[in-house]
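Since the structure comes first, as structure tokens, the remarks are kept for the end.
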Amino acid sequence: MRFCCLSGNGRIVEANVCKRFLGVKAGVINCELNMSKPFDIELEKLTGQASYSAAVHGSGSGRRGTFFLETFGCQMNDHDSEKVAGLLLSRGYQQVETPEAASLILYNTCSIREKAAQKVFSRLGEYREKQGEGKVIGVLGCVAQQEGEDIFRRAPWVSLVCGSASYSKLPGMLAQLEAGKQRITGLDTDTDETFETEVTRRDNPWRAYLTIIEGCDKACSYCVVPYTRGPERSRASDSILREVRQLAELGYSEVQLLGQTVNSYADPTARKMRFSELLLAVAEVQGIRRVRFTTSHPSDFTPDIVKAIEREPKICDHVHLPVQSGSTRVLHAMQRTYSRGEYLEKITMIREASRPIGITTDIIVGFPGETESEFEETLSLLEEVQYDSMYSFKYSPRPNTPSLAMSDSIPEQEKSRRLAVLQDRQREIQERKHASLVGTLFEVLVSGKSRRDNQWSGYTTSHRMINFASQERELLGTYVQVRVTGAGPNNLLGEYAV
Ligand code: 5AD
Ligand code: SF4
């Protein structure tokens, strides 16, 4: 069976760190991350599961077409794409690196802000003539769910529109298109299914992502996610743990548990594992060295999660806890279910942990009716919390959301000003924090190699990026000790210490 190792950058990765496609077993294959150099792998040797072989070779359908899959948006989308790719590979499709080489072009889309959604239609426009060349064009993800059949009107060259809650039906939908059907949609969100696949084609060779909860039951007034991803569905704890064990066997040592509100996890099995118990159980799996999780909702961030981090060093000392605004009035209008004071109580609880825990956040500026003094409350919250990093956005009105009915009262220019002020303030905080880390020793999982000689990069457990120099021949995928020697606002500089 021939598979190609995909990457946009054509970087060469040594055998001991290449685990692309199902996690190619460490030390087995020398792989050039370039489509022009395919390589052979026998799937069942790598996975120990004959079912993969049956799915790929013997499903009766034989070799299918080629697909190109492009992804916009969040980590959940990236990971959904990994699963969609795995599903298609297991059905005999081959993944290619350019739309030109593909018979099936898929876009996994994001609609969280208007700009992201607009990007999808301009990109689709670029592929208008491809349909004439006999290619099938499909739109997946949040824009698909949100716009539904309207996509066929705006881009009549599209044949497939499928939201994330319907991905498991993709092979059937593609079969119908192959059988001559002109257009097909998968738009149900009314499901208790989670999207689990036998085969996931993982993009990151060191960190494996796992969705443990899909959809969202919160109802933040600005947010499309409850409409585009449907209601909350948690995956069974035994299935999660089985996959983690498989990942560890394949050589992954870091796993990141994903969910829009990952800490709202509610085990549907009789075990009824709490989120904190699941974190501990994942950390116990032999071979796992780091457990990350994102995104946490402040209302569901309970003391047992901090206790689990305190107790188990493998659970990373990093919490992404979006606050969105520092003003209780704005938080209420956003339907965020906590006040400024309640959020700060969670921060105190995290700061009081027996080992330091990095905290990062998301903030929206220019929410309808946000006054100057309410914006200043967000600035003062930044000073109070001293976040390690921040993602910040200008409010963007979205279809179907409750806040659409509110007047988008803050002019674009003022939103841009507030965003710039906020980012300046955070940059100063990060510069100060980073400077205070000079001299500190960190364990780093090396995940990047610069074109410049002897320059490497990687992440600490608290998700700080460090660039460092080392004469070692190969460090990718290994854990090393790095001492911080210098700092900028966005990353740290260091030297290899072991
Ligand atoms: N406008 C601006 N930012 C938004 N986010 C979600 N919806 C919107 C919106 N309508 C931001 C929030 C969320 C992050 C993923 O995106 O900060 O945490
Ligand atoms: Fe959107 Fe709020 Fe759910 Fe996050 S918690 S996905 S912001 S509705």
Side-chain angles (χ1 to χ4, degrees), residues 75 206-213 234-249 252-259 261-322 338 342-361 385-389 433 437 440-445 458-464 479-482:
Q75 275 169 336
W206 303 285
R207 180 188 296 170
Y209 295 93
L210 261 95
T211 301
I212 64 161
I213 173 169
S234 290
R235 189 173 159 189
S237 54
D238 47 359
S239 154
I240 296 169
L241 290 169
R242 200 175 318 120
E243 188 171 350
V244 173
R245 282 192 289 272
Q246 248 173 23
L247 289 166
E249 276 166 24
Y252 288 91
S253 60
E254 181 172 313
V255 289
Q256 179 155 338
L257 308 183
L258 296 178
T261 54
V262 72
N263 56 325
S264 313
Y265 177 77
D267 185 6
T269 71
R271 272 175 100 176
K272 297 221 173 307
M273 266 193 172
R274 301 187 72 178
F275 175 64
S276 56
E277 292 169 327
L278 181 69
L279 285 176
L280 290 165
V282 171
E284 264 172 32
V285 171
Q286 180 119 33
I288 296 300
R289 284 179 69 161
R290 287 183 173 183
V291 185
R292 299 189 182 280
F293 55 97
T294 196
T295 291
S296 294
H297 193 284
S299 297
D300 296 333
F301 206 85
T302 45
D304 53 310
I305 303 173
V306 177
K307 291 215 167 64
I309 298 173
E310 281 179 323
R311 194 175 120 191
E312 176 52 81
K314 289 184 194 171
I315 304 175
C316 288
D317 45 357
H318 171 219
V319 176
H320 185 61
L321 202 67
Y338 53 83
E342 284 160 348
Y343 180 87
L344 286 172
E345 280 170 22
K346 305 282 174 174
I347 296 293
T348 305
M349 176 177 84
I350 297 168
R351 292 269 181 250
E352 284 174 352
S354 57
R355 64 182 169 120
I357 297 175
I359 306 176
T360 56
T361 201
V385 177
Q386 298 279 305
Y387 289 109
D388 292 276
S389 95
K433 287 196 101 162
L437 294 173
T440 314
L441 198 62
F442 284 106
E443 181 194 71
V444 169
L445 169 54
Y459 286 91
T460 65
T461 52
S462 52
H463 214 243
R464 292 188 178 97
Y479 290 82
V480 300
Q481 298 292 319
V482 176

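Keep in mind it's a predicted model, so treat the numbers as computed, not measured. Here, residue 1 is the first one in the sequence, and each next residue gets the next number.
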(request) Kindly determine whether L344 and V385 satisfy side chain to side chain contact (heavy atoms under 4.5 Å, CB included), including the steps that lead there. (result) CA-CA 8 Å; L344 286 172; V385 177; 3.7 Å; yes
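- Pairing each heavy atom of R355 with each of E312, the nearest pair is NH2-O, 3.2 Å.
- A salt bridge links R464 with D388: the closest approach of a Lys/Arg side-chain nitrogen to an acidic carboxylate oxygen falls below 4.0 angstrom.
- Of the possible polar contacts, none joining the R274 side chain to the I305 backbone as a donor-acceptor pair under 3.5 Å is found.
- Atom CZ of R292 and atom CG of D317 lie 8.0 Å apart (nearest 0.5 Å).
- The closest side-chain heavy-atom distance from H297 to N263 is below 4.5 Å.
- Separation of atoms OG (S354) and NZ (K307) is listed at 10.5 Å; rounding is to 0.5 Å.
- The two residues S234 and P268 come nearest to each other via the heavy atoms O-CG, 3.4 Å.
- Residues E352 and E310 come closest through the heavy atom pair O-OE2, 4.3 Å.
- Ring geometry, Y343 versus Y338: the interplanar angle falls from 30° to 60°, so the pair is classed tilted.
- Under a cutoff of 6.0 Å and an axis angle of 45°, R207 and Y459 form a cation-pi pair.
- The CG atom of L258 sits 5.0 Å away from the OG1 atom of T211 when rounded to the nearest 0.5 Å.
- Side-chain contact between F301 and V306 is present, with heavy atoms from C-beta onward closer than 4.5 Å.
- A pairwise comparison of heavy atoms in R351 and Q386 identifies NH2-O, 3.4 Å as the closest pair.
- The shortest distance between side-chain heavy atoms of T302 and S276 does not fall below 4.5 Å.
- Using a 4.5 Å heavy-atom threshold, the side chains of S296 and V262 count as touching.
- Between the OG1 atom in T461 and the CZ atom in F442 there is a gap of 7.5 Å [rounded to 0.5 Å].
- Here the side chains of Y479 and E254 are in contact, with some heavy-atom distance below 4.5 Å.
- The shortest heavy-atom contact between A236 and T269 is CB-CG2, 3.4 Å.
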For a quick test of your reading: what N or O donor-acceptor pairs under 3.5 Å do the side chains of residues 279-289 make, sequence neighbours left out?
from : atom 1 : to   : atom 2 : distance (Å)
R289 : NH2    : E443 : OE2    : 3.0

(request) For the pair H320 and T360, evaluate side-chain hydrogen bond (donor to acceptor under 3.5 Å, both in side chains) and give the outcome as yes or no after the intermediate values. (result) CA-CA 5 Å; H320 185 61; T360 56; 2.7 Å; yes
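- Inter-residue side-chain proximity for T261 and T295 is flagged as unmet; no heavy-atom pair is nearer than 4.5 Å.
- Rounding to the nearest 0.5 Å gives a distance of 4.0 Å between CD1 of I309 and CD1 of I357.
- Closest heavy-atom contact between T294 and Q256: CG2-NE2, 3.0 Å.
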(message) Between F293 and I212, does the side chain to side chain contact (heavy atoms under 4.5 Å, CB included) criterion hold? Intermediate values first, please.
(response) CA-CA 10 Å; F293 55 97; I212 64 161; over 6 Å; no
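- Taking 4.5 Å as the limit, some side-chain heavy atom of I240 sits within range of a side-chain heavy atom of L278.
- You'll find the side chain of R271 reaches within 4.5 Å of the side chain of L241, heavy atoms only.
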